[in-house]
K.L.:
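First, the structure itself, so that you have it in front of you.
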Amino acid sequence: MPSADSAYGELLDRARESATLGSCAAVLGWDERTFLPPGGSGLRGRQMALLARMCHEMATHPRVGELLQILEDSELNGTHAANLREWRRGYDRAVKLPSELVSELASVTSEAQSVWQEAKHKSDFALFRPWLEKIVLLKRREAECVGYVEDAYDALVDEFEPGATALELTRMLGGLSRDLAPLVAEIVAKQPSADESLWTQQYPLDVQEQICREVAKSVGFDFHRGRLDTTSHPFCTGIGPGDCRILTRYHVNKPFEAFFGTLHEAGHGLYEQGLLESEWATPCGMAASFGIHESQSRLWENQIGRSREFWSAWGPRFRSAFSAFRSTSDEEFWCLLNQVKPSLIRIDADEATYNLHIVLRFELELALMSGDVAAADLPGAWADKVRQYLGLPVPDDAHGCLQDIHWSFGGIGYFPSYTLGNLYAAQILEAAEKQIPALWDGVREGQLSVLTDWLRANIHVHGQRFQPAELIQRVTGTPPDPGAFLRYLRGKYLGVAG
Ligand code: ZN
């Protein structure tokens with residue numbers, strides 16, 4: 001029987017091989033969203049399916065189970081113990097899923113995504129309904145295979161936010177929505193209006209791109225180890241050490257779409273670039289969760305990027321770059337960028353109403369999983385929730401339950417990560433403000449490296465060493481909680497301190 005040291009070494013070799021294969025899939029995924037000609041999508045599907053199958057085979061190899069057992073019989077601590085914990089979690093989940101279920105989920109969701117696209121285009125939920133029914137059934141089976149203590153949803157959300165449960169999320173998001181609805185109404189009633197005519201002006205794309213590069217660089221995104229490209233669906237992919245790619249989209253009338261899109265993705269990119277290269281391919285060299293990842297992007301995009309201090313540094317740059325902004329004051333920029341208004345589309349929502357979009361999705365996916373809402377009744381249930389939380393009528397399915405891709409790829413349990421990201425970001429910012437007294441002076445002068453370094457030291461370098469809730473507790477001194485986010489909104493929009 002191998003010693004614990006050699007068992008660890010063998011697992012590490014296997015993890016690195018598997019991560020290398022995964023990085024090949026990541027390059028193909030990036031290419032798919034940037035340069036792949038439409039005619040190549042069939043072959044790309046086969047390439048991705050082959051790599052996914054190979055990765056699953058590697059992850060579920062019986063030898064991995066033997067090696068984990070040897071390590072569990074020995075005394076590990078620190079990083080090794082954390083890696084063992086997460087390797088075990090991943091292995092157990094992977095072996096519990098029969099390969100027949102994995103491949104059925106892959107093929108159903110692959111087809112469902114193209115049906116969803118057509119259904120959304122035609123605003124016709126009836127087209128997508130049979131696919132959603134199949135996906136819900138398959139995800140229920142997945143949850144049964146993986147196992148759970150209280151709620152089948154727990155088995156699904158755990159993939160995105162380890163340790164999160166339906167019960168805890170219901171408590172946290174329920175509390176948030178109760179406080180948020182009246183707060184949004186108060187902000188809307190008090191906010192100053194912004195000059196909407198600016199969105200009919202032209203903002204040359206080459207200048208926009210230059211500014212996007214500048215802002216990514218200013219937060220510390222390393223272009224020697226990363227790229228910024230154009231896409232129709234902005235995202236960030238950490239391919240591996242030395243290669244992290246962010247994508248944004250440009251609109252000639254809306255310069256802030258690309259700017260904040262870049263800032264958001266650069267926040268994700270900083271996290272990927274801040275993971276320890278020495279731990280690459282092990283859990284401690286990977287992001288803690290989707291929620292923690294999102295906290296890094298939201299913090300830069302909203303808390304920093306939409307602050308008055310940030311615009312005293314960036315206002316002059318926008319005034320000199322675009323003639324339409326020549327007479328826009330820093331305060332007017334702040335106003336333009338912080339309009340709160342309930343709306344129908346999640347991705348266009350402001351930071352205050354955004355979480356109401358997530359709460360309603362979370363409640364609906366819980367109901368779909370439990371059977372309280374049948375797939376056929378989704379459009380009506382969606383409209384009821386939108387009226388309840390946002391006070392708006394839903395005119396059609398494209399502006400309602402067909403707007404997001406997530407359920408078509410089987411991502412039930414994914415949505416809460418967005419709100420967790422917002423809540424974590426507010427908690428993290430409060431901690432950073434306490435520990436970096438000159439934080440806002442730096443932001444005002446465009447000096448952002450102090451905060452980047454702090455995030456790196458307190459969050460990035462740990463990878464999955466701690467589970468998300470534990471990491472938040474360690475960094476901020478309190479467990480995940482909506483309080484800091486609500487304080488942030490009240491302070492920013494209503495001038496209420498504390
Ligand atoms: Zn994001």
K.L.:
For the ring pair Tyr418 and His406, is the centre-to-centre distance below 6.0 Å?
P.N.:
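Yes, they do, as the ring centres are separated by less than 6.0 Å.
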K.L.:
Measure the shortest side-chain to side-chain distance between Leu180 and Leu489 over non-hydrogen atoms and say whether it is less than 4.5 angstrom.
P.N.:
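The answer is yes, as the side chains (C-beta and beyond) meet within the 4.5 Å cut-off.
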K.L.:
So Glu214 and Gln210, side chain to side chain donor-acceptor pair (under 3.5 Å) or not? Walk me through it.
P.N.:
CA-CA 6 Å; Glu214 288 169 21; Gln210 178 56 35; 3.1 Å; yes
K.L.:
Does the Lys139 side chain pair with the main chain of Gly410, one donor and one acceptor, at a distance under 3.5 Å?
P.N.:
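The answer is yes, because a donor-acceptor pair under 3.5 Å joins these two groups.
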K.L.:
Looking at Pro393 and Pro395, what are the two nearest heavy atoms and their distance?
P.N.:
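Closest pair (atom of Pro393, atom of Pro395, distance): O-CD, 3.5 Å.
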K.L.:
For Ser123, give me all partners under side chain to side chain contact (heavy atoms under 4.5 Å, CB included), at least two apart in sequence or on another chain.
P.N.:
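With sequence neighbours excluded, Ser123 shows a side chain to side chain contact (heavy atoms under 4.5 Å, CB included) to Asp396, Asp397, Ala398, given in chain and number order.
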K.L.:
Closest heavy-atom contact between Phe128 and Ala112?
P.N.:
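Minimum heavy-atom contact is CE1-O, 3.9 Å.
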K.L.:
Can you tell me if Gln113 uses its side chain to pair, donor with acceptor, with the backbone of Thr109 under 3.5 Å?
P.N.:
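Checked: pair present.
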K.L.:
Is there a side-chain contact between Ile135 and Phe409 in this structure, where contact means two heavy atoms from C-beta onward sitting under 4.5 Å apart?
P.N.:
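They are not in contact (no side-chain heavy atoms under 4.5 Å apart), so the answer is no.
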K.L.:
Would you say Leu183 and Tyr493 make side-chain contact, with heavy atoms under 4.5 Å?
P.N.:
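Leu183 does not reach Tyr493 side chain to side chain.
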K.L.:
Could you state the interatomic distance from CD1 (Ile246) to SG (Cys212), rounded to the nearest 0.5 Å?
P.N.:
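Output value for this atom pair is 8.5 Å.
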K.L.:
Among all residues two or more places apart in sequence or in another chain, which pass the salt bridge (charged side-chain N to carboxylate O under 4.0 Å, His left out) test with Arg178?
P.N.:
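For Arg178, no residue satisfies salt bridge (charged side-chain N to carboxylate O under 4.0 Å, His left out) once neighbours in sequence are set aside.
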K.L.:
Rounded to the nearest 0.5 Å, what separation is found between the CD atom of Gln403 and the CD1 atom of Ile347?
P.N.:
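CD1 of Ile347 is found 8.0 Å from CD of Gln403.
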K.L.:
For Asp441, does its backbone N or O pair with a side-chain atom of Glu309 as donor and acceptor, under 3.5 Å?
P.N.:
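A pair under 3.5 Å: no.
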K.L.:
Is there a side-chain contact between Arg317 and Ile211, using heavy atoms and a 4.5 Å cut-off?
P.N.:
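Yes. Closest side-chain heavy atoms under 4.5 Å.
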K.L.:
How about Asn253 and Gln201: do any of their side-chain heavy atoms sit closer than 4.5 Å?
P.N.:
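A side-chain contact is absent here, since even the closest heavy-atom pair is not under 4.5 Å.
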K.L.:
What distance separates Leu378 CG from Glu133 CD, expressed to the nearest 0.5 Å?
P.N.:
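Going from the CG atom of Leu378 to the CD atom of Glu133 covers 10.5 Å.
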K.L.:
Under a 3.5 Å threshold, yes or no: a donor from one side chain and an acceptor from the other, between His251 and Gln208?
P.N.:
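On atom types as modelled, these side chains do not qualify, holding no pair under 3.5 Å.
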K.L.:
Asp453: what forms a salt bridge (charged side-chain N to carboxylate O under 4.0 Å, His left out) with it, not counting sequence neighbours?
P.N.:
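Checked Asp453 against salt bridge (charged side-chain N to carboxylate O under 4.0 Å, His left out); zero matches.
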K.L.:
Strictly distance-based, threshold 3.5 Å: is any side-chain N or O of Arg213 a donor or acceptor partner for the main-chain N or O of Leu228?
P.N.:
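Checking the backbone N and O of Leu228 against the side chain of Arg213, a donor-acceptor pair under 3.5 Å is found.
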K.L.:
Find out whether Val450 and Leu439 are in side-chain contact, i.e. whether some heavy atom of one side chain is under 4.5 Å from a heavy atom of the other.
P.N.:
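No, side chains not in contact.
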K.L.:
Test the Arg319-Phe333 pair against the cation-pi criterion, namely NZ or CZ under 6.0 angstrom from the six-membered ring centroid and within 45° of the ring axis.
P.N.:
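No, Arg319 and Phe333 do not form such a contact.
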K.L.:
Please answer whether the main-chain N or O of His268 pairs with a side-chain N or O of Ser297 as donor and acceptor at a distance below 3.5 Å.
P.N.:
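Between the backbone of His268 and the side chain of Ser297 there is no qualifying donor-acceptor contact (under 3.5 Å).
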K.L.:
How long is the straight-line distance from NE2 of His460 back to OG1 of Thr452, given to the nearest 0.5 Å?
P.N.:
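Output value for this atom pair is 8.0 Å.
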K.L.:
Just grab all the salt bridge (Lys or Arg N to Asp or Glu O under 4.0 Å) pairs involving residues 29-38, residues at least two apart or on different chains.
P.N.:
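Of all non-adjacent pairs touching residues 29-38, those that pass salt bridge (Lys or Arg N to Asp or Glu O under 4.0 Å) are Asp31-Arg44.
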K.L.:
Quick check: closest heavy atoms across Leu420 and Met172, and the distance to 0.1 Å?
P.N.:
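Reported closest heavy-atom pair: CD2-CE, 3.6 Å.
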K.L.:
Run the side chain to side chain contact (heavy atoms under 4.5 Å, CB included) test against Ala287 and tell me which residues pass, sequence neighbours left out.
P.N.:
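Partners of Ala287 under the side chain to side chain contact (heavy atoms under 4.5 Å, CB included) test: Tyr271, Glu272, His293.
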K.L.:
Can you name the salt bridge (charged side-chain N to carboxylate O under 4.0 Å, His left out) partners of Glu365, sequence neighbours left out?
P.N.:
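Scan of Glu365 (salt bridge (charged side-chain N to carboxylate O under 4.0 Å, His left out), adjacent residues dropped) gives none.
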K.L.:
Nearest heavy-atom pair of Trp280 and Ala19: which atoms, and what distance?
P.N.:
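Looking at all heavy atoms of both residues, the shortest contact is CZ2-CB, 3.7 Å.
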K.L.:
Could you verify whether a donor N or O on one side chain and an acceptor N or O on the other, from Trp131 and Glu111, lie under 3.5 Å apart?
P.N.:
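No pair is found: no donor N or O on one side chain lies under 3.5 Å from an acceptor on the other.
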K.L.:
For Leu337, does its backbone N or O pair with a side-chain atom of Arg306 as donor and acceptor, under 3.5 Å?
P.N.:
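A pair under 3.5 Å: yes.
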K.L.:
Minimum heavy-atom separation for Gly305 to Trp311, with atom names?
P.N.:
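In this case the closest contact between Gly305 and Trp311 is O-NE1, 2.8 Å.
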K.L.:
Check whether any side-chain N or O of Gln273 sits under 3.5 Å from a backbone N or O of Asp222 as a donor-acceptor pair, and report yes or no.
P.N.:
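Checked: pair present.
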K.L.:
Does Asn355 reach the side chain of Phe485, with side-chain heavy atoms less than 4.5 Å apart?
P.N.:
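Touching, per the 4.5 Å side-chain cut-off.
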K.L.:
Does a side-chain N-to-carboxylate-O contact under 4.0 Å join Arg346 and Asp404?
P.N.:
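Judged by the 4.0 Å cut-off on N to carboxylate O distance, Arg346 and Asp404 do form a salt bridge.
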K.L.:
Examine Trp300 together with Phe259 and report whether their ring centres are nearer than 6.0 Å.
P.N.:
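No.
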K.L.:
How long is the span from the CG atom in Asp481 to the CG atom in Leu423, to the nearest 0.5 Å?
P.N.:
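Answer rounded to 0.5 Å: 8.0 Å.
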K.L.:
Would you say Gln427 and Tyr488 are linked by a side-chain donor-acceptor pair, where the criterion is simply a distance under 3.5 Å?
P.N.:
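Gln427 and Tyr488 do not have a side-chain donor-acceptor pair below 3.5 Å.
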K.L.:
I want to know whether Phe256 and Phe318 have ring centres closer than 6.0 Å.
P.N.:
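Aromatic pair counts; centres sit under 6.0 Å.
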K.L.:
Which residue is it: Lys492, Lys341, Arg298? I am looking for the one with a salt bridge (charged side-chain N to carboxylate O under 4.0 Å, His left out) to Glu351.
P.N.:
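Only match with Glu351 under salt bridge (charged side-chain N to carboxylate O under 4.0 Å, His left out): Lys492.
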K.L.:
How about Tyr250 and Tyr203: are their ring centroids closer than 6.0 Å?
P.N.:
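Ring-ring flag for Tyr250/Tyr203: false, centres at least 6.0 Å apart.
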K.L.:
Run the side chain to side chain contact (heavy atoms under 4.5 Å, CB included) check on Lys122 and Leu127 step by step: do they pass?
P.N.:
CA-CA 9 Å; Lys122 295 182 175 162; Leu127 280 178; 4.1 Å; yes
K.L.:
How long is the gap from CG on Leu429 to CD1 on Ile436, to the nearest 0.5 Å?
P.N.:
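Leu429 atom CG to Ile436 atom CD1 measures 9.0 Å (nearest 0.5 Å).
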K.L.:
Is a side-chain donor or acceptor of Gln339 paired with a backbone partner of Pro192 at a separation under 3.5 angstrom?
P.N.:
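The answer is yes, because a donor-acceptor pair under 3.5 Å joins these two groups.
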K.L.:
Would you indicate whether Lys254, at its atom NZ, is surrounded by more than 12 heavy atoms from other residues, nucleotides or ligands within a distance under 6.0 Å?
P.N.:
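No - once you tally the heavy atoms of other residues, nucleotides and ligands closer than 6.0 Å, there are 12 at most.
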K.L.:
Output yes when a side-chain donor or acceptor of Asp377 lies under 3.5 Å from a complementary backbone atom of Val373, and no otherwise.
P.N.:
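Judged by distance alone, no pair lies under 3.5 Å.
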K.L.:
Return yes if some donor-acceptor pair links the side-chain N/O of Thr419 with the main-chain N/O of Pro416 below 3.5 Å, else return no.
P.N.:
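Absent.
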K.L.:
Just by distance, no angles: are the side chains of Ser417 and Glu161 close enough, under 3.5 Å, to form a donor-acceptor pair?
P.N.:
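Ser417 vs Glu161: no donor-acceptor pair found between side chains.
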K.L.:
Given the rule in the side chain to side chain donor-acceptor pair (under 3.5 Å) test, do Glu433 and Trp440 qualify, once you have shown the distances and angles that lead to the verdict?
P.N.:
CA-CA 8 Å; Glu433 282 172 331; Trp440 289 111; 2.8 Å; yes
K.L.:
Is there a side chain to side chain contact (heavy atoms under 4.5 Å, CB included) between Ile428 and Ser295 once you walk through the steps?
P.N.:
CA-CA 8 Å; Ile428 291 167; Ser295 74; 3.7 Å; yes
K.L.:
Should Phe35 and Trp30 count as side-chain neighbours, where that means a heavy-atom distance under 4.5 Å?
P.N.:
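Yes; the side chains approach each other to less than 4.5 Å.
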K.L.:
Taking the six-membered ring of Phe415, is the NZ or CZ of Arg361 close enough (under 6.0 Å from the centre) and on axis enough (within 45°)?
P.N.:
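The answer is yes; both the distance and angle limits are met.
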K.L.:
Please find the pair of heavy atoms, one from Leu247 and one from Thr34, that lie closest to each other, and give the distance.
P.N.:
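Closest pair (atom of Leu247, atom of Thr34, distance): CD2-CG2, 3.0 Å.
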K.L.:
Would you say the side-chain atoms of Asp350 and Asn338 include a donor-acceptor pair closer than 3.5 Å?
P.N.:
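No, no side-chain donor-acceptor contact under 3.5 Å.
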